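Below is one structure, written out as structure tokens; comments come after it.
Note that this is a predicted model, so its numbers are computed, not measured.
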Amino acid sequence: MVDAHLAALSEKHANLESQIDQEVHRPLPDETLIAQWKKEKLRLKEVITGIR
């Protein structure tokens with residue numbers, strides 16, 4: 001159960017990384033959205049680290 005939860009969190013983290021990368025490379029990136037995604041990515045990393 002923990003492995004499935006960890007995998008799901010890791011996938012969300014990777015998806016956020018991809019979204020951030022795509023947004024950063026747009027002509028006019030939405031800095032507010034990027035900041036929100038970065039905060040969420042950090043939160044997920046903290047949860048993932050706490051599970052391991």
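- Ionic pairing of Glu46 and Arg43 is not present here: no N-O contact between side-chain nitrogen and carboxylate oxygen is shorter than 4.0 angstrom.
- Contact check for Val2 versus His5: no side-chain heavy atoms found under the 4.5 Å cut-off.
- In terms of heavy atoms, Lys38 sits closest to Ile20 at CG-CD1, 3.7 Å.
- Heavy-atom minimum distance, Trp37 versus Gln19: CZ3-O, 3.5 Å.
- Leu42 and Val47 end up in different hydrophobic clusters when Ile, Leu, Val, Met, Phe, Trp and Tyr side chains are linked at under 4.5 Å.
- For the pair Leu9/Ile51, a side-chain contact is recorded, criterion being any heavy-atom separation below 4.5 Å from C-beta on.
- In plain terms, the two heavy atoms of Leu44 and His13 that are nearest each other are CD1-N, 3.8 Å.
- Side-chain N or O atoms of Glu40 include none that pairs as donor or acceptor with a backbone N or O of Leu16 at under 3.5 Å.
- Residues Ile34 and Pro29 come closest through the heavy atom pair CD1-CB, 3.9 Å.
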